[in-house]
Amino acid sequence: MDPDSAYIEVAVALPVYQTFTYSVPELLRDLQRPGKRVLTPFGRRRVTGYIFGSSPPPENKEIKPILDIIDEQPLFPATMVPFFNWIADYYKYPIGEVVKNALPGGLNIHEYSTLTITDQGRRALEHQQPPPVAQKILKQLVGGACRISRVLKHIDQPVSGRLLHDLEQKGWVTRKWELKGGSTKARIERYVRLNHSAPAADDLSQARRRILDILAIEGEMAVKALKAFVPTAAALIKSLECAGYLTIDHRRVYRDPFGDSIKLDTALRLNREQQAVVAQVCKQLDKGYRPFVLNGITGSGKTEVYMQIAAEAMKKGRSILVLVPEIALITQTERRFRARFGECVSVLHSGLSAGERYDQWSRIRQGATPITIGARSAIFAPHKDLGAIIVDEEHDPSYKQEGKLRYNARDLAVVRAKQNNCITILGSATPSIQSYHNVTTRKYVELKLTRRVEQRQLPEIRLVDLRQVRDARGLQRFITPPLLSAMTESLDRGEQVLLFLNRRGYASFPVCSACGQPMRCKHCDISLTLHRRSNAYRCHYCGFSRAATSHCDSCGSPKIRHLGLGTEKLEEMLTSRFSQARIARMDRDTTARKGSIVRLLKGLKEKTIDILIGTQMVAKGHDFPNITLVGIICADLSLSFPDFRAGERTFQLLAQVAGRAGRGDRPGQVILQTYNPEHFCITAAQSQDYATYYQQEIIFRQALAYPPFSRMIQLKISGKDPHQAEQFARGLGDDCQTLKATYPATYRRVDIMGPIEATLTRIAGRYRWQILLKSTQISALHRFINQLMTAHHTRFTHRRIRVAIDVDPVFLM
Ligand code: ADP
Ligand code: ZN
Ligand code: ZN
């Protein structure tokens, strides 16, 4: 950016789709830099904006000056500006809000305004009988200046903006804009050290002398640490500094998100396959953009490969971004990277406090830590000179962000790698159909790891047909005799057992035994789940809960049957069956508290857990060497979802969870229980044969023209009033049809499906409708949606009905 430029391009943090040009007062010019925030006038408000770069002098338009530059240092490097622009354009999201979403929370400042009564206003109140509402407002202000929101709250009737404006015009009140927020700041700590030419300390008090003595031994010290020796130190150092004994430094400190210390390790000797992969990738490190798919079976040592590539990239002065699907996995990956790279690693994920996240962000931005490990939002980590972007377990659906800015971090990894001219590696034992299709069309380069490290074998997988135990009761229905005996044998040998059941809670299907009515959420069309531990029925979609003692809504009967097995009930059943075993559960309920995941992982590692029960959280990438038996309680739970990816998802989950067995010296065994033993997703998972699975799945996708043979944009329409939501959806559907009919040649290949009522018709009190746009070309869909938004922009800013645009949707229900 031109440092002397008089004009800059700014993205304001408001729901608008374009950037704006502002002028920069001369005084502020040498402070302007892309990535800094500015305070700008916008209409009658002042808002935060982000500098994108300099702007050419505008033609005959009135240009307003910015009011201030907020940051001393840029929050993101200039190289990220094209990235933000791409995202705004591709996902149809306001540009300033893209940036706001990307930045760590707690940075954004908001403004509010306060009203103050003037002397004139006081006189008016006494002598002039203003209209009743005005009178109420003025009376309120007599007590002192007050925020507008507060004033309005106390007057329980609507107040028009016009009225406030009039009061201001009459000179009865003044309005002042103020800023609040920006609550997250760097933490500053004070350090003290002795001065070399300190005067003699003869006539000092004992405490003061003690401080000087300690500093003489310790050298420099944080005041906080000094207090451990001299409790009153904080109060004394100021006077010691004035008298010339010591110097106080204010220094920025970082909140460390890591608990305990980690022993350093060194690089492992790679096996042949690993060597070949590392060599092939490193050859490409300086040669620009190249996307790789690392197709490596479970336990083939992908993480070691990532680390050695990262080491090579660091040698070349480049930084590395590693995305991992979940916090649970970050813990493990972080430990391994920290053990290898120590202080070079930053971590970004939602488990950090706002302050911690801000600190990590600043360290990355300053280039202090060349490696970042994080969940999906870490794709925005402010690295300047990326050498590699690694997406581990790239098939994982949690890379897709639902709500707000609906992006897919795995796809953005490829975009960012392209813009930064660097490599990207999408790694998985079960690559997504999308990514692997890109391999077959030569857009991506495949890297293969076909063997487990140290000649370990893939576990043997046995299918158990659940149809044959349909009539069994109690535990036997879920823990079939083959599974039960395998468990007993493993436990007897002192090995660990992992049981996978992708449903948390106690019972997922409570039904009234008098009238047969299922217990449903008040706000969603979904069955509630009983949670015994917390004594409540809960909705897994909106969080609604009601007492576990509730009666049937339709007949009032207190007798509720609890069908549908959840992890909590399984745990209870096993506890009575295996009274000697130490049983633990890993699902969203048991891992909500900070540190609980680490405790569970530690328990497995230190063998204080014999049986671990878990949801899909346990399917992901973990490396537990002592697990020799994996039991899949019911493989079919996700198979029947009305979603074209249900099969893909099921195959991935099963193959991944099976891959947790036999990762140590002893061979592993998997027992897979299913109602559909012939289904190709199940048989492919049984033979752990990705290639065969892919070949079948891709035929089905092609036949129905589903992705990757087409692209989709879903319009998600929702509103609180069922009638209004439907009307609106139908209206928007008509608009789509009209648009297509108006430009038949351009949109010949755009299919409009719907509007239809969503499969989950109601969530959190909102009635949901969908329109699916499908085409072989994303560009046609983008043109279509642009034109739709321009022609009917009021539909997208409606007060009661929300229309979310979901580009490349994953959650279709
Ligand atoms: P993946 O992610 O492919 O499932 P991991 O990276 O978790 O596999 O590796 C599995 C285990 O094998 C880890 O404990 C890792 O330390 C070990 N490992 C990886 N590479 C080697 C190697 N070359 N020699 C010995 N052990 C290795
Ligand atoms: Zn009933
Ligand atoms: Zn609900």
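Numbers for residues simply follow the sequence, beginning at 1. Order of appearance sets the numbers: ligands from 1, and atoms from 1 within every ligand. Heavy-atom basis, side chains included; hydrogens, waters and symmetry copies ignored.
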Under 30°, 30 to 60°, or over 60°: which ring-plane class applies to Phe651 and Tyr690, parallel, tilted or perpendicular? tilted
Candidates Gln669, Arg666, Glu495 - the one meeting side chain to side chain donor-acceptor pair (under 3.5 Å) with Thr628: Glu495
Pairing donors with acceptors under 3.5 angstrom, does anything connect the side chains of [X] and [Y]?
| X | Y | result |
| --- | --- | --- |
| Tyr306 | Asp392 | yes |
| Glu394 | Ser435 | yes |
| Arg538 | Ser534 | yes |

Is there a polar contact between ligand 1 and Arg456, counting only N or O atoms under 3.5 Å apart? no
Below 3.5 angstrom, do we get any N/O pair linking Thr298 and ligand 1? no
Less than 4.5 Å apart, side chain to side chain, heavy atoms only: is that true for Leu501 and Thr615? no
Interatomic distance, Met307 atom CE to Thr333 atom OG1 [nearest 0.5 angstrom]: 9.0 Å
For Tyr399, is the NZ or CZ atom of Arg376 found under 6.0 angstrom from the centre of its six-membered ring and inside 45 degrees of the ring axis? no
Measuring from the Zn ion (ligand 3), count protein N/O/S atoms under 2.8 Å, please. 4
Among Gly301, Gly299, Ser300, which one has a heavy atom closest to atom 9 (O) of ligand 1? Gly301
Salt-bridge test for Arg533 and Asp589: reply yes if a basic N is under 4.0 Å from a carboxylate O, no otherwise. no
Under 4.0 Å from a heavy atom of [X]: give me the atoms of ligand 1 that qualify, with their elements.
| X | result |
| --- | --- |
| Glu304 | 19 (C), 20 (N) |
| Arg663 | 1 (P), 4 (O), 5 (P), 7 (O), 8 (O), 10 (C) |
| Thr303 | 2 (O), 6 (O) |
| Asn271 | 23 (N) |
| Glu454 | 25 (C) |
| Arg269 | 22 (C), 23 (N), 24 (N) |

Is ligand 1 less than 4.0 angstrom away from at least one heavy atom of Ile297? yes
Protein N, O or S atoms lying under 2.8 Å from the Zn ion (ligand 2), listed by chain and number: Cys512 SG, Cys515 SG, Cys552 SG, Cys555 SG
